[in-house]
Amino acid sequence: MNGCSQGRSWRKWTSILVVGLSSLSACRPAPDPADSEQVPTQADRSEAPARSAATERMAKRLAALADQANPRNHPFLNDRLVDLLLADAEPEKVGRRAELELRRANELLRSGQSERAIERYRALLDWVKDPEHQILPSFQHTVHTGLAVAYLRAAEQQNCLEGHSAEACILPLEGDGRHRQRRFTEQAFETYGDLLAADPGDLESLWLYNLTAMALGLYPDGIPEERRLPPDIFDSEFDIGRFPNRAHHFGLATEGRAGGVVLDDLDGDGRLDVLFSSWGLTEPVRFFHNLGNGRFEERTRRAGLEGITGGLNLVHGDYDNDGLLDVLVLRGAWLMSEGRHPDSLLRNMGGRFEDVTEAASLLAFSPGQTAAWADFDLDGHLDLFVGHESAGPERHASRLLRNRGDGTFEDVSRARGLMVDGFVKGVTWGDVDNDGRPDLFISRLGEPNMLWRNSGSTFEDITASAGVAEPMFSFPTWFFDYDNDGWLDLYVAGYANSYFETSSAPSAADLLHRHGARHLQHGPLRDVEPPGPGSRGRLYRNRGDGTFEDVSRATGVDRVSLTMGCNFGDLDNDGWLDFYLGTGAPDFRSQVPNLMLRNDRGRRFQDVTFSGGFGHLQKGHGIAFGDLDSDGDQDVVAVMGGAFTGDIFANAVFENPGHGARWLTLRLLGTSANRAAIGARIRVDLQTADGARSLHRVVSSGGSFGSSSLQVELGLGQASSVDAVHVDWPGGERQSFTDLPIDRTVLLKQGEPEVEIWQGPEEADR
């Protein structure tokens, strides 16, 4: 039996998953680095299967790209750039000398060499304060701020990386989240105090001063009232119950930088596995197999992934309809001319992967980090839209790729009228007009967003008539039915009003203003202005007539959040979809909590960040919801590393404590529709103590930065029974299933009237 047929047998079912802009022209043909020489690695290959020639070529290509990358043009090769800067000759002019020394200190910090950076910042601060050098006060302030951040990062490295605990960097800092190694934390606290003495209205320093006070156990009573952030800004609007960070318990606390996550059954045993990426040029894609006992085991070598490196984002789907979930690795984001990297299509061979990018006609060299699967022409094969990043002279058109059904794709962008340029940061498919065809929304940074209606033969830009062009600076996005009315709504996360906005101040100001003006009447807080509307997230409610209503303010989601990673799910199994926003920016000053918003019965979203323990201060990237431990509720997996070489952190897994609600998990299997049933519309009719109720869901991996499980994990609240599950399969077939159990996992197969009930080991005690 070959790997494909073996990997997805259903044997356990009773009846049978802008920065780095460059001036180089995009018109120049991109070289294929696979032709370059490569020195073989000495990695342990004892468990590695023999790799295909195509996988070897991709590994060689990626290694060559890493070797050839120019650290003077690439803003995130900080360890290599700092060596070049330290070797540069000293300029004769005083101003140039100060600038070079500041760059050296900055790159030492970004490369993870915080203590060496501190030495440089301290020496430079003494030098620029010397009146003889006539350095502007603004430059002196910049150096002083850099020193404070270096102290703070050194404290994090000692206490949150080397001395990692489950509570590390989760706001408010309490218990084991407080720092035991105090020297650098105390120096950061003192330095931020000095900055506030010079400028009491410096909100960024005020915010970070309070964070360091928390880390030292001084907040709130141990700091002066005029410098104290009001404690009740860390209150939640609803007590969701604590979701402890159990990444170490699960075996998933792997450290890395910014990257993506796939959470799904990747080896066909019925349990959700995890795939992580980290965007560094030499950092591996890593596979973690679910052992079924609340633990995961890394099987990267066994999965054939050695040499498959990089990737800021991952998206998954079954492109060849063999019942095994394949993965697309997206590369080159933010790097422009330095980001001419190939994506990788990894074909799943049953828990082992082969790179089939070339064979699938997908090999291209354009920067990007967003893509989405859908069967846009309803022929039973998953197609793909890949968003690319264009800015200045660097132009990279996004691509609509039609699946020919023979393992290859063709670019039909022009033929289908879907020519998209711009700095694309998020894409999502959804049937906005309920005509059975998936439509496409595109989020662009610094430009109007775009909604394209699928007419069947072509795509029509209906952005203006639908009213969904904002925010102008946006990033991740998704469709979901937040109010359970049967029409897909749209969420678009804001990012920043410029490519270089990195401060914590806007998010801090937003948090203060959300907790009432009474906090803004004393001391430096009197002058804190609320952030403007430009980069706030938008929630668009589908009116059902081709237009959308902006309900962001009415529902409480108009947050300033610097959102990067994102996804949605049902935290408390009440049948209403909640969502998590991973926040931050590359700068180490960007210390803002990730946000969790609970859906209050489709009326409003409540901030449950702090009651749930979700307020992680590290950089939230790929996020996925899914039932990791097969106990009927959704856990949350988040990649927490940042952009710079030294900005590594352990990934987080927030384990659901349970809320006593009923549940039902559906696995859909298409026959004439695509095998993974992506795009299938589901209506679940329930009986509750308050009467009949319906839930509406779509089979998808969720948000555009993070890939959740394709199994549909339904919270049923206190439902007494499930009357029926109605499925609109892609392609038009409608099917209803009755007599479904509660608190079980079932398979729904297109064309077969009976459901199949999962009988894995997790069900033994039920």
Side-chain angles (χ1 to χ4, degrees), residues 18-20 33 36 38-39 41 43 58-84 106-114 153 157 161 253-262 274-288 298 300-301 305-314 327-344 346 355 365 367-369 389 564-565 582 584-588 618-622 638-651 705-706:
V18 182
V19 286
S36 303
Q38 178 196 12
V39 178
T41 65
M58 180 59 76
K60 181 178 179 181
R61 184 178 290 120
L62 296 173
L65 282 167
D67 184 61
Q68 296 165 7
N70 184 348
R72 293 196 186 271
N73 292 339
H74 190 305
F76 302 110
L77 294 178
N78 313 103
D79 50 348
R80 289 158 63 175
L81 178 58
V82 72
D83 292 338
L84 296 176
N106 288 343
E107 293 304 322
L108 281 166
L109 177 62
R110 293 169 179 173
S111 67
Q113 302 177 70
S114 300
R153 182 57 183 169
Q157 287 173 315
L161 280 168
T254 178
E255 293 180 355
R257 291 200 279 161
V261 59
V262 168
V274 180
L275 202 67
F276 287 125
S277 67
S278 185
W279 85 319
L281 299 180
T282 61
E283 295 165 5
V285 174
R286 302 176 70 176
F287 175 63
F288 291 83
E298 181 166 9
T300 300
R301 290 192 193 90
L305 290 170
E306 277 198 313
I308 303 302
T309 57
L312 186 55
N313 198 5
L314 305 170
V327 178
L328 184 71
V329 184
L330 294 148
R331 302 188 179 96
W334 301 107
L335 302 178
M336 303 314 297
S337 64
E338 283 291 324
R340 295 181 178 186
H341 300 167
D343 299 330
S344 279
L346 304 179
D355 191 300
F365 297 88
Q369 52 100 126
E389 298 173 354
M564 299 180 296
D587 199 303
F588 284 117
Q618 296 299 315
K619 314 297 171 55
H621 285 90
V639 175
M640 305 307 306
F644 297 129
T645 303
D647 197 2
I648 62 171
F649 207 81
N651 296 331
F705 202 158

Determine whether a donor-acceptor pair (N or O, by modelled atom type, separation under 3.5 Å) exists between the side chain of [X] and the backbone of [Y].
{"X": "Lys619", "Y": "Ala643", "result": "no"}
{"X": "Ser114", "Y": "Leu109", "result": "no"}
{"X": "Gln157", "Y": "Gly112", "result": "yes"}

If you take all heavy atoms of [X] and [Y], which pair is closest and at what distance?
{"X": "Ala650", "Y": "Ala253", "value": "CB-O, 3.7 Å"}
{"X": "Ser277", "Y": "Gly310", "value": "CB-O, 3.9 Å"}
{"X": "Thr645", "Y": "Asn78", "value": "N-OD1, 2.8 Å"}
{"X": "His341", "Y": "Leu281", "value": "CE1-CD2, 3.4 Å"}
{"X": "Leu312", "Y": "His621", "value": "CD1-CD2, 4.3 Å"}
{"X": "Ala69", "Y": "Glu338", "value": "CA-OE1, 4.0 Å"}

For residues [X] and [Y], determine if any side-chain heavy atom of one lies less than 4.5 Å from a side-chain heavy atom of the other.
{"X": "Asp647", "Y": "Gln618", "result": "yes"}
{"X": "Asn73", "Y": "Leu335", "result": "no"}
{"X": "Arg61", "Y": "Phe365", "result": "yes"}

I need the [X] [atom1] to [Y] [atom2] distance, nearest 0.5 Å.
{"X": "Met58", "Y": "Thr309", "atom1": "CE", "atom2": "OG1", "result": "9.5 Å"}
{"X": "Gln113", "Y": "Arg153", "atom1": "CD", "atom2": "CZ", "result": "13.0 Å"}
{"X": "Phe288", "Y": "Glu298", "atom1": "CZ", "atom2": "CD", "result": "4.0 Å"}
{"X": "Asp83", "Y": "Glu107", "atom1": "CG", "atom2": "CD", "result": "10.5 Å"}
{"X": "Ser344", "Y": "Leu62", "atom1": "OG", "atom2": "CG", "result": "5.5 Å"}
{"X": "Asp343", "Y": "Leu330", "atom1": "CG", "atom2": "CG", "result": "4.5 Å"}

### Task
Describe, in one word, how the ring planes of Phe644 and Phe76 are oriented to each other, choosing from parallel (under 30°), tilted (30 to 60°) and perpendicular (over 60°).
tilted
#### Entry: By side chain to side chain donor-acceptor pair (under 3.5 Å) - contacts of Glu283 (at least two apart)
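Glu283 satisfies side chain to side chain donor-acceptor pair (under 3.5 Å) with Arg257, Ser278 once adjacent residues are dropped.
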### Message
If you apply the rule salt bridge (Lys or Arg N to Asp or Glu O under 4.0 Å), what do you find for Arg110 with Asp79, and how did you get there?
### Response
CA-CA 8 Å; Arg110 293 169 179 173; Asp79 50 348; over 6 Å; no
### Query
Do Thr254 and Asn651 have side-chain atoms, one donor and one acceptor, less than 3.5 Å apart?
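Checked: Thr254/Asn651 side chains show no N/O donor-acceptor pair below 3.5 Å.
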### Query
Going through the distances and angles, do Val261 and Val274 end up as a side-chain contact (heavy atoms from CB on, under 4.5 Å)?
CA-CA 7 Å; Val261 59; Val274 180; 4.0 Å; yes
### Task
Using side-chain contact (heavy atoms from CB on, under 4.5 Å) as the criterion, list what pairs up with Pro71, not counting sequence neighbours.
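Partners of Pro71 under the side-chain contact (heavy atoms from CB on, under 4.5 Å) test: Leu77, Arg80, Leu81, Leu84.
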